[in-house]
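If you read the sequence from its start, that first residue is 1, and numbering goes on from there.
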Amino acid sequence: MLPADQKKHHCTEGRPPFECIALLLQGGGALGAYQAGVYEALVQSGIHPDWVAGISIGAINSALIAGNPPERRVEKLREFWERVTSDVFGSWPQDFLTPLAKGDWVRGLMNQISANSAMLSGASGFFAPRLLSPWLHPTGSIEATSFYDASALRSTLESLVDFDRINAREMRFSVGAVNVRSGNFVYFDSTTHTIRPEHVMASGALPPAFAAVEIDGERYWDGGLISNTPLQWVLDSTPRQDTLAFQVDLWSARGDFPGNMAEVETRQKEIQYSSRTRANTDQFKRAQRIRNTVAALLESLPDNLKDEPNAKLLGSIAGRKVYNMVHLIYRAKNYEGNSKDYEFSRSSMETHWRAGYQDTVRTLRHPNVLKRPANHESVAVFDLERDGRD
């Protein structure tokens with residue numbers, strides 16, 4: 001947990017003036033501890049989501065949140081992240097490690113050693129390497145389609161998540177996956193599905209590391225293959241609601257031009273798995289402007305025209321709902337490199353968790369984050385880096 005002097009309530013009394021508070025969690029493997037820190041800061045500020053939606057590791061964090069009572073959610077997030085991370089250098093003397101860890105290149109080397117350990121040995125309670133290479137298994141077997149066995153994740157989910165609570169719909173829950181045969185993006189949503197561990201596992205089954213997960217006769221891979229954020233699913237949901245959305249991204253679309261092959265691999269991952277948030281929000285603003293304009297037009301019509309078929313058709317797209325979209329994006333350290341999403345060391349987990357917590361605290365200091373927008377689009381977008389808060 002965070003130090004006691006950081007555990008203060010930072011913002012509002014009472015619920016923010018929105019019909020729905022949504023928490024949107026991107027995929028990003030070991031970086032997902034950042035999302036746990038974000039959630040801890042939100043609840044300590046009195047902000048309790050009505051809806052959690054996630055992809056990949058975001059789906060696991062979402063299940064840990066929705067599948068536990070409010071007073072135990074941070075505890076269960078902590079239990080999961082401590083279970084799946086390890087202290088590779090725990091037996092090394094601290095008076096030797098501390099001076100070493102101050103240099104970026106040394107920290108990068110230590111992270112790479114930790115990542116290699118996860119690659120060779122897996123992550124406790126999450127995944128383990130198959131004893132035989134998939135190339136040595138018969139075609140058609142599940143062992144022939146992945147390098148790692150993720151069956152331990154099912155046991156972890158079953159021990160930490162109350163799926164009856166998720167299905168009781170106290171909090172809406174959504175996870176995205178890809179149907180392997182059709183290539184279609186699918187959301188498993190507690191409003192339309194009975195959620196089980198395999199729905200969460202399917203959302204995080206990124207090939208070729210993990211095998212597709214079978215659900216009702218179909219097999220599914222990680223939703224990040226198509227879209228690594230559930231933003232569009234939440235924004236397109238009907239009936240529309242005044243929404244305060246916290247989008248927590250683990251990959252930044254912006255970055256420096258790479259100078260070597262290692263940096264090329266890192267930048268390639270960042271671009272591939274980033275949410276293209278700004279483009280999506282710009283498009284959503286345009287749609288909102290149209291909805292508001294159509295609503296104003298219909299309100300100005302004489303009563304005898306409001307029941308015309310064309311007016312009713314336009315009414316189906318008109319709207320006056322408002323949206324605050326708060327972006328929280330993990331900014332990777334220079335030393336982390338291209339293995340940061342599978343570097344499951346305890347020290348990195350703590351660093352990511354603390355970054356999520358502190359970024360959220362700083363963001364919530366903005367005076368308008370929790371206020372309803374008053375612009376023509378009825379959309380306000382907040383970004384820690386862009387707004388220059390520190």
Side-chain angles (χ1 to χ4, degrees), residues 1 25-37 39-40 52 54-69 72-91 111 113-131 142-143 146-166 173 175 177 195-214 220-222 224 250 339-353 356:
M1 297 292 183
L25 304 180
Q26 190 190 66
L31 300 174
Y34 178 85
Q35 298 169 342
Y39 180 76
E40 182 176 26
V52 287
I55 303 289
S56 198
I57 196 65
I60 295 173
N61 283 331
S62 294
L64 292 162
I65 293 168
N68 282 288
R72 299 199 68 191
R73 288 169 182 164
V74 173
E75 171 193 333
K76 292 299 182 181
L77 284 165
R78 170 62 62 173
E79 188 173 342
F80 171 80
W81 282 101
E82 289 187 348
R83 184 179 297 191
V84 302
T85 56
S86 60
D87 193 352
V88 175
F89 301 95
S91 60
N111 279 25
I113 292 171
S114 176
N116 289 344
S117 174
M119 187 184 299
L120 295 172
S121 305
S124 175
F126 197 161
F127 62 90
R130 298 196 183 279
L131 295 177
I142 193 169
E143 294 83 3
S146 66
F147 290 101
Y148 296 92
D149 178 2
S151 57
L153 178 58
R154 174 183 287 274
S155 299
T156 297
L157 290 171
E158 290 174 342
S159 68
L160 298 179
V161 176
D162 181 350
F163 284 90
D164 289 338
R165 177 178 285 273
I166 291 178
F173 173 86
V175 294
I195 303 299
R196 304 187 299 270
E198 51 264 38
H199 294 103
V200 180
M201 295 175 68
S203 183
L206 183 65
F210 305 126
V213 176
E214 184 173 349
Y220 297 89
W221 272 332
D222 193 307
L250 304 177
S339 60
K340 57 192 171 187
D341 53 329
Y342 59 92
E343 197 271 292
F344 284 90
S345 72
R346 185 67 49 79
S347 62
S348 290
M349 182 274 283
E350 297 287 0
T351 297
H352 298 146
W353 187 302

Supply the atom-to-atom distance [X] [atom1] to [Y] [atom2], rounded to the nearest 0.5 angstrom.
X: I55; Y: L250; atom1: CD1; atom2: CG; result: 12.0 Å
X: S155; Y: E158; atom1: OG; atom2: CD; result: 6.0 Å
X: S56; Y: W221; atom1: OG; atom2: CH2; result: 14.0 Å
X: R130; Y: S146; atom1: CZ; atom2: OG; result: 3.5 Å
X: H199; Y: L157; atom1: NE2; atom2: CG; result: 13.0 Å
X: L31; Y: I57; atom1: CG; atom2: CD1; result: 9.5 Å

Minimum side-chain heavy-atom gap [X]-[Y] below 4.5 Å:
X: S159; Y: R83; answer: yes
X: R73; Y: E40; answer: no
X: L25; Y: I60; answer: no
X: M201; Y: R154; answer: yes
X: F147; Y: P208; answer: yes
X: M349; Y: E82; answer: yes

Distance-only, no hydrogens or angles: does the [X] side chain make a donor-acceptor pair with backbone N or O of [Y] under 3.5 Å?
X: D222; Y: A202; answer: no
X: Q35; Y: Q26; answer: yes
X: T351; Y: S347; answer: yes

Taking all non-hydrogen atoms of both residues into account, name the closest pair between [X] and [Y] and its distance.
X: A205; Y: A211; value: CB-O, 3.4 Å
X: A59; Y: V175; value: CB-CG1, 3.4 Å
X: A30; Y: W81; value: O-CZ3, 3.7 Å
X: F210; Y: A150; value: CD2-CB, 4.1 Å
X: P129; Y: G122; value: CD-N, 3.8 Å
X: F163; Y: I195; value: CD2-O, 3.7 Å

Hey, can you tell me if F126 and F344 have their rings parallel, tilted or perpendicular (30° and 60° cut-offs)?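 Judged by the thresholds at 30° and 60°, the geometry between F126 and F344 is perpendicular.
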
For Y148 and F127, take the angle between the two ring planes, folded into 0 to 90°, and tell me which bin it lands in: parallel under 30, tilted 30 to 60, perpendicular over 60.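 Ring orientation of Y148 relative to F127: perpendicular.
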
Ring-face cation contact, W353 with R78, 6.0 Å cut, 45° max: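 Checked: cation-pi criterion met.
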
Given side chain to side chain donor-acceptor pair (under 3.5 Å), test S348 with S345 step by step and report yes or no. CA-CA 5 Å; S348 290; S345 72; 3.1 Å; yes

N-O pairing of K340 and E343 below 4.0 Å: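 Between E343 and K340 there is no salt bridge, as every charged N stays at least 4.0 Å from the carboxylate O atoms.
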
Ionic contact status for E350 with R346, cut-off 4.0 Å: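 No, this pair does not count.
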
Should the heavy atoms of other residues, nucleotides or ligands under 6.0 Å from CG of L120 be counted, would the total exceed 12?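 Yes, enclosed.
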
Candidates I166, N61, I65 - the one meeting side chain to side chain contact (heavy atoms under 4.5 Å, CB included) with V52: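 Single side chain to side chain contact (heavy atoms under 4.5 Å, CB included) partner of V52 among I166, N61, I65: I65.
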
